[in-house]
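In this text the structure is predicted, and so the values were computed from the model without any measurement.
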Amino acid sequence: MDLYSFLFATAAAHVGFAVFVAGHAAFTDEDAGNWPYITLVLGLAGVAGYFFYDELSDSGNI
C-alpha cells in the first residue's frame, strides 16, 4: 500500500469516527466533552474511550 493512500485512509477514518462521536452525543442529548477531539487524534481508541471510559450519567445511559 502506498504511504499517501494509507495516511489518507487513516485521516478519513479518524474524521469519520470523530463525526460519529459528535453525532451520537447530539442524538442522545449527552455532552461529548473533548471526546470528538480525542477521537480525531487517536481514532478508534477515542471511540472506545467515549463509550466505555466516561462515567455513566444518572440515567444509566452511556
Side-chain angles (χ1 to χ4, degrees):
M1 177 181 248
D2 183 26
L3 177 64
Y4 296 113
S5 298
F6 173 76
L7 292 176
F8 178 76
T10 301
H14 285 215
V15 168
F17 290 147
V19 168
F20 172 76
V21 167
H24 181 271
F27 182 71
T28 59
D29 292 329
E30 296 288 330
D31 180 26
N34 290 328
W35 286 112
Y37 304 116
I38 295 169
T39 303
L40 190 60
V41 174
L42 298 178
L44 197 54
V47 173
Y50 169 72
F51 281 110
F52 300 114
Y53 186 73
D54 237 7
E55 294 181 21
L56 294 174
S57 66
D58 292 337
S59 65
N61 293 335
I62 296 178

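Grouped by direct or indirect side-chain proximity (heavy atoms under 4.5 Å, Ile/Leu/Val/Met/Phe/Trp/Tyr only), Val19 sits with Val15, Leu40.
Follow the hydrophobic side-chain contacts under 4.5 Å out from Leu3 and you never reach Phe8; the two are in separate clusters. Cluster annotation: Phe17 is not connected to Tyr37 through the hydrophobic network of ILVMFWY side chains, with a link wherever side-chain heavy atoms come within less than 4.5 Å.
For Ala25, the side chain to side chain contact (heavy atoms under 4.5 Å, CB included) partners are Ala32, Tyr50, not counting sequence neighbours. In this structure Asp2 satisfies the side chain to side chain contact (heavy atoms under 4.5 Å, CB included) test together with Tyr4, Ser5, sequence neighbours excluded.
The CZ atom of Phe20 lies 11.0 Å from the CZ atom of Phe27; values are rounded to the nearest 0.5 Å.
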